4 protein chains.
Amino acid sequence: MRADARRNYDKLVGAAREVFAAEGGGASMEAVARKAGVGVGTLYRHFPRRIDLVQAVYEDDVEELVETADRAVAELEPWPAVVAFLEAFVRYARTKRTFLNELREAFDKDPALKLRLRERIDEATELVVGRAQRAGAVRPDVEGADLTQLLGPMCTSPTLTDEQSVRLLPMILDGLRTRGDVG
Amino acid sequence: MRADARRNYDKLVGAAREVFAAEGGGASMEAVARKAGVGVGTLYRHFPRRIDLVQAVYEDDVEELVETADRAVAELEPWPAVVAFLEAFVRYARTKRTFLNELREAFDKDPALKLRLRERIDEATELVVGRAQRAGAVRPDVEGADLTQLLGPMCTSPTLTDEQSVRLLPMILDGLRTRGDVG
Amino acid sequence: MRADARRNYDKLVGAAREVFAAEGGGASMEAVARKAGVGVGTLYRHFPRRIDLVQAVYEDDVEELVETADRAVAELEPWPAVVAFLEAFVRYARTKRTFLNELREAFDKDPALKLRLRERIDEATELVVGRAQRAGAVRPDVEGADLTQLLGPMCTSPTLTDEQSVRLLPMILDGLRTRGDVG
Amino acid sequence: MRADARRNYDKLVGAAREVFAAEGGGASMEAVARKAGVGVGTLYRHFPRRIDLVQAVYEDDVEELVETADRAVAELEPWPAVVAFLEAFVRYARTKRTFLNELREAFDKDPALKLRLRERIDEATELVVGRAQRAGAVRPDVEGADLTQLLGPMCTSPTLTDEQSVRLLPMILDGLRTRGDVG
DNA sequence: TATGAATGAGTGTTCATTCAT
DNA sequence: TATGAATGAACACTCATTCAT
């Protein structure tokens, strides 16, 4: 890839993320191109279909999330690593929310993509949460890789399903509860 | 309002909520009218601008949330009431998420509307949470009316701001922490 | 169909035929709508896809051709009827030529359509030519319904195939030949 | 012109002819360049405007037609020469049809071009047909140079004009007529 | 009054053409 | 000089909104 092309590619993914965040997944290609400071044609050379751009942004998000997990494990204590990772995960899920409809379309066309990305996330989660569990910092009755199943949908789906909320919300709400004496 | 007009009004708001949930806030007026089983013309008689429909759905959501608070206080113990209310709040915020962009537009045109609705929600929250605090079920260091500031954005904004997450996420994550022995 | 809608439908097919003739099958929808004196939206209400418009024009052409055959048989002597019909056929084929590419696309999606229309034409041809043959006005060694196979491709395909031209062109060229003495 | 440049020039015209035949006169420059196996930049070095390429293909066609006339006169008997030439003419006209719109545009800008090419064709026709007439193989009541006026439009124009068809079609249809006894 | 047809501005996408590599 | 990336005008198509029926 030529230097200028590479530069534009990165500029475009960044611009797309910002524009999607600001205007929703329905933001116009024109708007993304303008934000990136290039012509629409350039945008389309890199991303022939709108969906390709959405997908690129999403894959980039997943990659960043995985890197966060690696960095957290390398630089932080077990519990803070979990905190950092889950903060990042929520940020990731929130971003995904912006263009969920668009994403669904992409996944329908390429189910393998969905699987591949989910796997990457599950591995990252397991890395961070499993370590914390082995260190006794996280209750063992939570299946590490399963956390994404809980947090993800809560963050992205417009209507929490019953089954998921009965396992998730109590835990989250727990943080609000006054506790007798602990630490 | 005549009975049949009222019937259509309700049918339309209900249809709009469903359609927005299924297709996002960008769903077409045609789609809403079709779902409600009326012509577009009728839809426009009740809601002259698209934004009026969005607003009606939203107001309806707020009303339902407030009613949930009243019912919770009347029928449940302090802590379960908080749980029920916050579950409802999350559902509400999640729904709102669907047409956040559309809503912003409405608020820009009519700032008083935003204020009025926020006030209703804050009162409902205070009703439920304040009661639980007085009963010793909720830590007193959380300002009741401020909960919406924490949970709301988390549920709706695509990128949690730092300031908000440092106050909110730790509490939520707290639920994951292994605790010595409590109850 | 409401009166105004019907009026517009006819206006649109007529406009499309003219515009396609003038600018080729690639003519813009905008141009067709302008010619018909309606907005693009109206054009799209009647013909949701570009291809639907092309198809409508084509079906209309076939219908006209079939009617010409009926009229010719009713009003003319056997040989003049053949002349009139073939003149109409050439006109028809020439028109078809204008949007052949577009048509191919339509046929690929709906092969039954192709079959159905071809059948109509073959029947019409047989009606006219068969009658002339029985009257001794047309050489019996030409298979009536097969004429379309000869004339059609010649008129529409950009490159005559060898097999077809050896049977067709000599006959056509025959008209140029000087003949000893006949009548 | 350098050898390699010449090679590319020919490659491009050939590629263009094929692509135009396959996809119509609206085929993209990218497609032509790809077919020729060069970059668009190279295509544009040889043909600064799209129209220049169209024109080159057309001139090439005319040249080929003229050569066919010369060869026919040199190698064939008068009547077969007419047949061969007219077959070639139809082929030529059919090809021209593919990018008729594009061509019109070129002629509008450069009327002299149109005149020059028509003259070449008329001379070639006269060469072949005149010879056949002098040999008694073609009826003398057809003006040689006028044949192009008849056949050309029939092959290219989407709607035969009345004036032309009354002179042309009867002659062509003649080939279908049963004739008493001749040879 | 309810319906659904008509309108046209706006968006995704393509492609001739220019220009950096 | 050849390549292919960048540009933006143009076109198919959608949908909020208006208006004839």
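Note that these values count all heavy atoms, side chains included, but never hydrogens, waters or copies made by symmetry. Numbers restart at 1 for each chain; the letters A, B, ... are given by sequence-line order, proteins then strands. Just so it is clear, the structure is predicted and the values come from calculations on it, not from any experiment.
- The existence of a salt bridge linking D/Arg17 and D/Asp60 is confirmed by a sub-4.0 Å separation between a basic side-chain nitrogen and an acidic carboxylate oxygen.
- Atom CD of D/Glu64 sits in a sparse spot, with 12 or fewer heavy atoms from other residues, nucleotides or ligands closer than 6.0 Å.
- The side chain of C/Arg6 places no N or O atom within less than 4.0 Å of a non-bridging phosphate oxygen (OP1 or OP2) of F/dT21.
- Nucleotide E/dC15 holds its P atom 17 Å from the CD1 atom of D/Ile51, rounded to whole Å.
- For the pair C/Leu43 CG and E/dA5 C1', the computed distance is 14 Å after rounding to whole Å.
- Checking A/Asp4 against C/Arg2, the closest nucleotide of DNA chain E that is more toward the 5' end is the one next to C/Arg2.
- The separation between A/Tyr44 atom OH and F/dC11 atom C1' is 13 Å, rounded to whole Å.
- Separating the CD atom of A/Glu30 from the P atom of E/dA9 is a distance of 17 Å, rounded to the nearest angstrom.
- Contact check, A/Arg49 against E/dT14: a side-chain N or O comes under 4.0 Å of OP1 or OP2.
- One N or O on the side chain of D/Asn101 and one on the backbone of C/Glu23 form a donor-acceptor pair closer than 3.5 Å.
- A/Asn8 contributes no side-chain N or O that, together with a main-chain N or O of A/Ala5, makes up a donor-acceptor pair within less than 3.5 Å.
- Rounded to whole Å, atom P of F/dT14 lies 15 Å from atom CZ of C/Phe47.
- We find that CE of B/Met29 is positioned 16 Å from P of E/dG4, with the value rounded to whole Å.
- Regarding B/Glu23, its CD atom lies at a distance of 10 Å from the P atom of F/dA16, rounded to whole Å.
- The pairing partner recorded for E/dT3 is F/dA20, the criterion being a Watson-Crick or G-U wobble arrangement whose two distances lie under 3.5 angstrom.
- OP1 or OP2 of E/dT3 has at least one side-chain nitrogen or oxygen of B/Thr42 nearer than 4.0 Å.
- Residue A/His46 has a polar side-chain atom (N or O) positioned under 4.0 Å from OP1 or OP2 of F/dA6.
- Taking side-chain N and O atoms only, B/Arg50 has a distance below 4.0 Å to OP1 or OP2 of F/dA16.
- Within the structure, every side-chain polar atom (N or O) of C/Arg45 is placed at least 4.0 Å from both OP1 and OP2 of E/dG4.
- In this structure F/dG8 sits in a base pair with E/dC15, meeting the Watson-Crick or G-U test at under 3.5 Å.
- Between C/Asn8 and E/dA6 there is a side-chain N or O to OP1 or OP2 distance below 4.0 Å.
- Looking at the side chain of B/Val40, the nearest of the listed nucleotides E/dA6, F/dT14, F/dT17 is F/dT17.
- Between D/Arg34 atom CZ and F/dA2 atom C1' there is a gap of 17 Å when expressed in whole angstrom units.
- Using a distance-only test at 3.5 Å, with no hydrogens or angles considered, a donor-acceptor pair links the side chain of C/Thr95 to the main chain of C/Arg91.
- Both A/Ala27 and B/Val38 lie close to DNA chain E; mapped to their nearest nucleotides by heavy-atom distance, the more 5′-ward contact belongs to B/Val38.
- Below 30°, between 30° and 60°, or above 60°: for A/Phe47 and A/Tyr9 the angle between ring planes is between 30° and 60°, a tilted geometry.
- The listed nucleotides are E/dT17, F/dA16, F/dA12; the one nearest the side chain of B/Ser28 is F/dA16.
- Between C/Gly41 and C/Arg7, it is C/Gly41 whose nearest contact on DNA chain F lies nearer the 5' terminus.
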